[in-house]
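Data block below; observations after.
This is a predicted model, so every value here is computed, not measured. To find a chain, count down the sequence lines: A is the first, B the second, and so on, and within it residues start at 1.
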Amino acid sequence: MRITLHNTLSNSREEFAPANPERVTMYVCGPTVHGPSHLGNARPAAVFDVLFRLLSRAYPNVAYARNITDIDDKIIAAAEKSGEETAAVAARWRGEYERDMRRLFVLPPTFAPAATECIGAMIKMISLLIKKENAYESGGNVLFSAASFPAYGALSNRRDGDAPAVARVEAGEYKRDPADFVLWKPSPPEAPGWESPWGRGRPGWHIECSAMAAQCLGETIDIHGGGQDLIFPHHENEIAQSCCASGKAVFAKYWMHNGHLALAGEKMSKSLGNTLTISGALAKHPGEAVRYALLATHYRHPLNWSESLLSEAKRALDSLYRAAAAVTPLSAKEDAPPSDALADALADDINTPAAFAALHSAAGDIQRGKAGEEEKRAFLSGANLMGFLSQNPDEWFKGGDAAADNSEIEELIERRRRARENRDFSAADDIRKQLAARGIVLEDSPEGTKWRSAS
RNA sequence: GGCGGGAUGGCAGAGUGGUUUAUGCGACGGCCUGCAAAGCCGUUCACGCCGGUUCAAUUCCGACUCCCGCCUCCA
C-alpha cells in the first residue's frame, strides 16, 4: 500500500517510507490530565487512531506512543483547589480520558507513558544537553538555548524577529534570550518535585515528549502528530531538544498536525473557556456518532462543532448500520480486504470524508442487491478499519443498554400484531402512536415488526 | 508585522483541466405499505470576485475581497 502524508516540515505531501518497515514508530501528543478532556483532545486521538489502524494493516509492527502529561501547573492548581494530591487528581482524570477513548472506539496505543514515570529519562537528557552546551543553569532553572540549535524555527517556518512587538516574550531575569525555554524548574516545598542535580524541581513541558519518545520508540521516529497549536513552540522545542541530545539531524521524519475544532466559528480553546467535554457529547450521542463527526472533515481542516453535525453523523451511521444489518449473517472476516476506494482514500493523507463516501456507496450497492459476497465483506472490514460498525445493528438501533428491560415494548408490539391481524388498524395505529410518544419507531416487514429508538 | 489554512449546491463536505460534475443530511415527486417506517427510483447540481494561460478552468497562474489559525498555556 502506498501511503501519502502531508508533512508540516516540507509543507507538502510525501510518500510515507518508514526508516524500518519492520517497526514503524509514531508519537502523538496526548492530554494534560487536569480536568475532563475536551473535544479538542478527541480529534487527534480519533484521527491518529485511524492512521494507527491503517499502518497496522500495512506493516507488521507499529509502535504507537501517546503520552499523558500528569505533572503540570494546571494539575497542581486543580489539586490545591480540591485539597488532593496532584497524583490523585492526575490519576482520576487519566482514568476518565481513557474511558472517553474507549467509548470513542479509539484503540489503546502501544505505549501510554506518563511524564512522572519518566523523570529519570528527562533528567538524563537535560544533563546531556547541559554537557553539550545546548542548555544552561540559571537561578535554579535549566533552560534550553534556542540559539545553540541552528535549525530552530524550521518546523514553524519562523525566524528571529517574527514575533509582533506587542506579544513579544519577555526575557526573564534568568533567561538569556527570549526564545529560550525551560527544561527544569524549581518546585517550592509545597509543590510536587523530584530531586535533581539542580535541586528539587519538576520538568518543563516540552522535555517530556522528547524523553518519552526516545524511551518508547527511539531517537529518531517516523511520525510525530498533534494539534496545530503545538507546532510552535512545543514541537519546535521538541525537535531542538531531541536533535541536540541525539546528535542526529532528524527527530521525526513526518510531522502531522490536525486542525482545530471551532464553536460558532470561534476556536475552541482552554484560554477562551469555550471547550466542550468529550463526556458531555457522549452523554447525548452514541460514541460512534461522536467519532463519525470528528472524522467527517479532513483532519487538517477546521471542524465546526455543532449539534446538527452530531445528528447528521447519527443518521449517516444509521444508514451504514442498515446495510450492515442486511449482511449480518455474514461475519466480517478479519482478513477480508477493504475496498480499493476506501483504502486509497485513507492512504491519501487520511482522507476520511472520501472513505465515508466509499462506505456509503458500498452500502447503497448492498441495499440495491448489487453487492457480491466480496463487496459485502469489504464493506464490513472497511468500516472496521475506520473504527465503525463495532456493535451489532440491533444494539445500535435500540440505543442505550443492552440490559434494559424491553418486555413492555415487545408486549405492545404483540398486541398491535393481533390488532392488525384482525384488521383493527385504528387500534394498531394507537399503539404505534403510544410508542412514538416514547421515542420508539416501528418498522413492519415480512419478517415481523422491529422497533428502534427514534433519536 | 511574520508564518500558515480557507471561500464548492438548502446545509455538511471530498475532488477534478473537458467525457456519467463524489458522498451524507434535508426537501420534493413516485414505487412499496392497510397507513407508516425502512428501502428503492427520480427531481433539486455548486464551485468568492476580477484578470491571464488554454481549443477548454471550479480545477493552473496573478491581483482583489472576506474568513480563520499560530506567533502566549492550549489538541
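When the C1' atom is used for both C35(B) and A7(B), the distance is 46 Å, rounded to whole Å. On the C1' atoms, C49(B) is 10 Å away from A63(B), given to the nearest whole Å. As rounded to the nearest Å, C47(B) and G9(B) have C1' atoms that lie 9 Å from one another. Comparing the C1' positions of U65(B) and G13(B) gives an interatomic distance of 24 Å, to the nearest angstrom. Comparing the P positions of U23(B) and C45(B) gives an interatomic distance of 16 Å, to the nearest angstrom. With C1' as the reference atom, C61(B) and U54(B) are 12 Å apart, rounded to whole Å. Spacing between C11(B) and G26(B) at atom C1', rounded to whole Å, works out to 8 Å.
Other residues, nucleotides and ligands contribute over 12 non-hydrogen atoms within 6.0 Å of the CD atom of Glu117(A). Other residues, nucleotides and ligands contribute more than 12 heavy atoms inside 6.0 Å of the NZ atom of Lys185(A).
The side chain of Arg13(A) sits closest to G15(B) out of C71(B), G15(B), A36(B). With G69(B), G13(B), G34(B) as the choices, the nucleotide that has an atom nearest any side-chain atom of Pro353(A) turns out to be G13(B). For Asn157(A), the listed nucleotide lying nearest its side chain is G4(B); candidates were G4(B), U23(B), A75(B). Nearest nucleotide to the side chain of Glu312(A), out of C25(B), U23(B), G34(B): C25(B). Taking only side-chain atoms of Leu261(A), from C-beta outward, the nucleotide of A75(B), G34(B), C70(B) with the closest atom is A75(B). Taking only side-chain atoms of Arg158(A), from C-beta outward, the nucleotide of U23(B), G2(B), G34(B) with the closest atom is G2(B). Residue Arg322(A) has its side chain nearest to G39(B) when only G39(B), C71(B), A75(B) are considered. Closest approach to the Glu443(A) side chain among A75(B), A37(B), C35(B) is made by A37(B) (side chain taken as heavy atoms from C-beta onward). Considering only the side chain of Ser319(A), G39(B) comes nearest among A75(B), U23(B), G39(B). Checking A37(B), G6(B), G34(B) against the side-chain heavy atoms of Val441(A) singles out A37(B) as nearest.
No contact: Lys450(A) has no heavy atom under 4.0 Å from any strand. When heavy atoms are screened at a 4.0 angstrom cut-off, His260(A) is found touching base atoms of the nucleic acid. Within the 4.0 angstrom heavy-atom criterion, no nucleotide atom of any strand lies near Ile231(A). When heavy atoms are screened at a 4.0 angstrom cut-off, Phe232(A) is found touching the sugar-phosphate backbone but no base atom. Among the atoms of the strands shown, only primed sugar atoms or phosphate atoms (P, OP1, OP2) are found under 4.0 Å from some heavy atom of Gly227(A). Contact annotation for Arg43(A): no contact, since no heavy-atom pair falls under 4.0 Å across all strands. At the heavy-atom level, Arg416(A) lies under 4.0 Å from base atoms of the strands shown. Within 4.0 Å of His301(A), counting heavy atoms only, lie sugar-phosphate atoms of the nucleic acid but no base atom.
Across every strand in view, A7(B) sits in a pair with U65(B) that passes the Watson-Crick or G-U test at under 3.5 angstrom. Here A57(B) sits opposite no nucleotide as a Watson-Crick or G-U wobble pair (both hydrogen-bonding atom distances under 3.5 Å). Base pairing analysis places C49(B) opposite nothing; no Watson-Crick or G-U wobble pair with both distances below 3.5 Å involves it. The partner of A12(B) is U23(B), judged by Watson-Crick or G-U wobble contacts that both fall below 3.5 Å. Partner assigned to A38(B) is none, using Watson-Crick or G-U wobble distances below 3.5 angstrom. Pairing for G1(B) goes to C71(B), judged as Watson-Crick or G-U wobble with the two contacts each under 3.5 Å.
Rounded to whole angstrom, the span from the CG atom of Leu104(A) across to the C1' atom of A75(B) amounts to 14 Å. For the pair Leu320(A) CG and G39(B) P, the interatomic distance rounds to 11 Å; values are reported in whole Å. In this structure, the CG atom of Asp444(A) is 15 Å from the P atom of G39(B), given to the nearest Å. Here the C1' atom of nucleotide C68(B) and the CH2 atom of Trp305(A) are 19 Å apart, to the nearest Å. Atom CG in Leu442(A) sits about 16 Å away from atom P in C35(B), given to the nearest Å. Protein atom CG of Leu294(A) is 15 Å distant from nucleotide atom C1' of G13(B), rounded to whole Å. One interatomic measurement links the two molecules: NE2 of His6(A) to C1' of G6(B), which rounds to 14 Å at whole-angstrom precision. In this structure, CZ of Phe397(A) is placed 12 Å from C1' of A37(B), rounded to the nearest angstrom.
Aromatic rings of Phe181(A) and His206(A) (six-membered ring for Trp) have centroids within the 6.0 Å cut-off, being under it. Aromatic pair His235(A)/Trp255(A): centroids less than 6.0 angstrom apart. Phe251(A) and Tyr27(A) have their aromatic ring centers separated by at least 6.0 angstrom.
At least one side-chain nitrogen or oxygen of Asn41(A) sits closer than 4.0 Å to the OP1 or OP2 atom of A75(B). An OP1 or OP2 oxygen of C25(B) is reached within less than 4.0 angstrom by no side-chain nitrogen or oxygen of Lys314(A). In this structure, His298(A) does not reach the G15(B) phosphate: none of its side-chain N or O atoms is under 4.0 Å from OP1 or OP2. Here Asn351(A) reaches the OP1 or OP2 of G15(B): one of its side-chain N or O atoms lies under 4.0 Å away. One finds no side-chain N or O of Ser156(A) lying less than 4.0 angstrom from the OP1 or OP2 phosphate oxygen of C3(B).
With salt bridges taken as basic N to acidic carboxylate O contacts below 4.0 Å, one links Glu98(A) and Arg94(A).
Without hydrogens or angle criteria, Gln215(A) side chain to Cys118(A) main chain gives no donor-acceptor distance under 3.5 Å.
Side-chain atoms of Asp429(A) come within donor-acceptor range of the base of G34(B), with a qualifying N/O pair under 3.5 Å. Donor-acceptor pairing under 3.5 Å, judged by distance alone, is absent between the side chain of Asn304(A) and the base of C11(B). No N or O donor and acceptor, one from the side chain of Arg368(A) and one from the base of G39(B), sit under 3.5 Å apart.
Nearest heavy atoms, Tyr97(A) versus Ala45(A): OH-CB, 4.1 Å.
When each of Ser426(A) and Ala354(A) is assigned the nucleotide of RNA chain B with its nearest heavy atom, Ala354(A) is the one assigned upstream, toward the 5' end. Both Leu309(A) and Arg420(A) sit near RNA chain B, but only Leu309(A) has its closest nucleotide nearer the 5' end.
The only option from Arg418(A), Arg417(A), Arg423(A) that meets the salt bridge (Lys or Arg N to Asp or Glu O under 4.0 Å) definition with Glu421(A) turns out to be Arg417(A).
Cation-pi geometry between Arg158(A) and Phe232(A) is met: under 6.0 angstrom from the ring centre, within 45 degrees of the axis.
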